[in-house]
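In what follows, a structure is listed as structure tokens, so that the remarks can point back to it.
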Amino acid sequence: MPELPEVETVRRQLVPLVVGRRVRAAGGHPSAKFASAQAAVGARIDAVARRGKYLLLALDDDRELVVHLGMTGVLRPRPAGPADPYVRAWWDLGDLVLELRDVRRFGRVAVVRRGDHRALPTLAALGPEPFDPAFTPDGLWRDLRASRLRVKTQLLGQRPVAGLGNIYADEALWRAHVHPAARSISRTRATALHGAVRAVLAAGIANGGTTLRDYRRVDGERGTNQLHLDCYGRAGSSCRRCGTTLVRRVVDGRGTTLCPACQRR
DNA sequence: GGCTGGCCCTGTACGC
DNA sequence: TGCGTACAGGGCCAGC
């Protein structure tokens with residue numbers, strides 16, 4: 001599923017394809033999640049930014065096109081061949097058609113006034129970017145202490161830091177020796193988690209994202225970070241740190257892999 | 001205001 | 001072989 005490294009990889013590949021091009025026509029699936037794709041018609045794309053897992057395409061009329069890839073969303077130039085029934089939105093940019101293919105329809109498209117994210121509550125309340133100086137060990141510790149939610153649930157909620165999903169949350173928690181279901185965390189562990197979040201996301205970006213099933217880069221290639229995962233999806237295998245067998249648990253409804261020896265509560 | 005649980009959505013895996 | 005069911009999970013929302 002696209003998390004920050006995957007979305008950042010997509011963003012970097014989108015820039016040379018779409019910046020400076022004008023939306024000549026557009027269309028979307030009739031559901032409210034995608035229908036507003038058409039609202040971008042007539043505008044020129046001036047920049048492609050990212051906030052957490054959201055892509056923000058700045059338009060020249062003081063608006064922006066917001067795209068969330070959900071779980072199975074892929075942005076790509078329209079390939080030759082028969083029509084694809086899973087395309088949920090498309091934008092004709094003149095010499096290419098950019099399309100959003102999203103089998104499960106967990107993605108979303110919106111056109112809003114630039115910076116006005118009231119229609120997207122999670123985006124509006126997003127925590128700091130992980131590589132921004134505003135994301136600090138002490139700030140993370142204070143945020144996590146302020147809630148009694150389980151640590152992993154807080155991370156997935158995007159408030160302590162933006163961009164983590166199930167894969168990188170499991171990886172960071174494993175790396176920092178933090179139990180995903182813990183409801184409190186020491187300052188030392190929070191500091192370790194801060195470093196782990198940055199490390200796993202940086203590795204994900206460097207490897208072009210994690211492709212387990214659906215995720216593809218804009219150029220259609222798979223990411224390679226799945227070859228470097230230490231924890232996520234490795235239940236039943238040995239912990240690379242201590243040799244204990246990794247286990248799968250459900251934490252607040254999310255499948256979770258952890259090491260019962262390294263990540264004690 | 002914080003938290004919980006259910007819903008959306010569809011392909012895949014698995015059991016019978 | 002074919003059918004039914006469970007599962008995957010990010011974000012939103014109703015209800016407590």
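Order of the sequence lines sets the chain letters (A, B, ...), proteins ahead of strands, with each chain counted from 1.
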- Task: Check step by step if side-chain hydrogen bond (donor to acceptor under 3.5 Å, both in side chains) holds for A:H29 and A:R105.
- Result: CA-CA 10 Å; A:H29 186 273; A:R105 285 200 257 161; 3.2 Å; yes
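- We find that CD of A:Q158 is positioned 13 Å from C1' of C:dC12, with the value rounded to whole Å.
- By the neighbour-count criterion of 12 heavy atoms within 6.0 Å, atom CZ of A:R183 is densely surrounded, having more than that number from other residues, nucleotides or ligands.
- Considering only the side chain of A:R183, B:dT4 comes nearest among B:dT4, B:dT10, C:dG11.
- For the segment residues 98-132 of chain A, residues with any heavy atom less than 4.0 angstrom from an atom of DNA chain B are, sorted by number, A:V103, A:R104, A:R105, A:F106.
- A:G255 comes within 4.0 angstrom of sugar-phosphate atoms only, judged by non-hydrogen atoms across all strands, and of no base.
- When each of A:T153 and A:R88 is assigned the nucleotide of DNA chain B with its nearest heavy atom, A:T153 is the one assigned upstream, toward the 5' end.
- A 6.0 Å sphere centred on CZ of A:R114 holds more than 12 heavy atoms belonging to other residues, nucleotides or ligands.
- Checked by atom type, the side-chain pair A:Y168/A:T210 shows a donor-acceptor distance below 3.5 Å.
- One atom, CG of A:L149, and another, P of C:dG11, lie 15 Å apart when rounded to the nearest Å.
- Across all their heavy atoms, A:V247 and A:A235 have their closest contact at C-CB, 3.9 Å.
- A:K53 comes within 4.0 angstrom of the backbone, heavy atoms only, and of no base.
- Few gaps surround CZ on A:R240; more than 12 heavy atoms of other groups in view lie less than 6.0 Å from it.
- Using a 4.0 Å cut-off on heavy atoms, none of the residues of residues 137-147 of chain A approach DNA chain C.
- In this structure, A:R101 contributes its side chain and A:R76 its backbone to no donor-acceptor pair below 3.5 Å.
- For A:M71 and C:dG11, the CE to P distance is 11 Å, given to the nearest whole Å.
- When the C1' atoms of four end pairs are superposed on the next four at each end of the helix from B:dG2-C:dC16 to B:dC16-C:dG2, using five pairs per end, the two resulting axes differ in direction by 50°, to 10°.
- When the side-chain nitrogen and oxygen atoms of A:H68 are compared with OP1 and OP2 of C:dG10, none of them lie within a distance under 4.0 Å.
- The listed nucleotides are B:dT10, C:dG10, C:dG9; the one nearest the side chain of A:Y232 is C:dG9.
- Checking A:Y86 against A:K33, the closest nucleotide of DNA chain B that is more toward the 5' end is the one next to A:K33.
- The OG1 atom of A:T257 sits 8.5 Å away from atom CD of A:E171, with the distance rounded to the nearest 0.5 Å.
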